[in-house]
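Report on the structure given below.
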Amino acid sequence: MIVSCADILASVTRDLVVMVGGPYYDVALGRLDGKVSKSSLVEGTLPRPTWPMHRMIDLFRSRNFSVQEMVALSGAHTIGFSHCKEFKQGLTRNDSQYSHRFAEALRNACADYPNNPTLSVFNDIMTPNKFDNLYYQNLPKGLGLLQSDHALNVDSRTSPFVQMYAKDQDKFFSDFAKAMEKLSVYGVITSGRKGEIRRKCDAIN
């Protein structure tokens, strides 16, 4: 069976989640790789960490994802890292949701950011290399990294799901797996002239 680069990326993402302790979910194959790849086309199609919650919800709803599915997918922040530019501005706000000690640690970690824009911090400082539900447990403690993380905890539309997943890891795993299966087939190209199977994944044929 011939698989595309898009198939490989989707499968590897699932395998990485499983490798660090997360749930297994099915990945359907049969995608084609796109023939257009421009960073200018991405803006507005992916959520930004500085967006207000209503805009985040509107984006997911426009793609037929519920608020609960959005919160479940946000649990992917239990692994990975974010560059200082994504959250540094929030560290200076008077209404900061960060715990005092965490904010101070982040300011120190990003102190050289103007000279080194590659500086980054783990999304989940407690168990950064383990896929678990500590991401949700961190939020009420002021240990969320991004502005969007904090917003999930305080917005009345999303906070009940944050609390539910913080208490029940099995429920989080189940809902995350279902949401990822749905996300993995959203907007994929499976036929027609808009797609191809690339010979090299970093270049259009």
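One is the number of the first residue; the rest follow in order along the sequence. These values consider heavy atoms only, across backbone and side chains, with no hydrogens, waters or symmetry-generated copies.
The structure places CG of D155 at 11.0 Å from CZ of F161, a figure rounded to the nearest 0.5 Å.
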| For L32 and S4, what are the C-alpha separation, side-chain angles and deciding distance, and is it a side-chain contact (heavy atoms from CB on, under 4.5 Å)? | CA-CA 6 Å; L32 294 178; S4 64; 5.7 Å; no
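Side chain of Y136 to main chain of G75: a donor-acceptor pair is present (N/O by atom type, distance under 3.5 Å, no hydrogens or angles). Panel note: side chain S82, backbone N123; no donor-acceptor pair is recorded below 3.5 Å. With hydrogens and angles disregarded, a donor-acceptor distance shorter than 3.5 Å links the side chain of S74 to the backbone of M70. A distance-only check finds no donor-acceptor pair linking the side chain of N138 to the backbone of G144 [under 3.5 Å]. Listed for the Q147 side chain is no donor-acceptor partner under 3.5 Å among the backbone atoms of P49. Between the Y25 side chain and the S174 main chain, no donor and acceptor come within less than 3.5 Å of each other. With hydrogens and angles ignored, the 3.5 Å screen pairs a side-chain donor or acceptor of D33 with a backbone N or O of A6.
The heavy-atom pair separating K200 from N205 by the smallest distance is N-OD1, 4.5 Å. L152 and T158 get closest at one heavy-atom pair: O-OG1, 2.7 Å. The shortest non-hydrogen separation linking L59 to L46 is CD2-C, 3.9 Å. Across every non-hydrogen atom of H77 and L146, the tightest pair is CE1-CD1, 3.8 Å. When all heavy atoms are compared, the tightest approach of V17 to P23 is CG1-O, 3.7 Å. The minimum heavy-atom distance between G195 and K35, with the atom names listed, is O-CE, 3.5 Å.
No donor-acceptor contact under 3.5 angstrom links the side chains of N64 and Y186, judged on distance only. The closest side-chain donor-acceptor pair between D175 and Q68 falls under 3.5 angstrom.
For H83 and Y113, the distance between ring centers is not under 6.0 angstrom.
Contact check for S148 versus E86: no side-chain heavy atoms found under the 4.5 Å cut-off. Considering only heavy atoms from C-beta on, M180 comes within 4.5 Å of L73 through its side chain. Side-chain contact between I197 and D7 is absent, with no heavy-atom pair separated by less than 4.5 Å.
Residues E104 and R101 are not paired through a salt bridge, judged by the lack of any N-O separation under 4.0 Å between the basic side chain and the carboxylate.
Ring planes of F172 and F131: parallel class, angle under 30° (limits at 30 and 60°).
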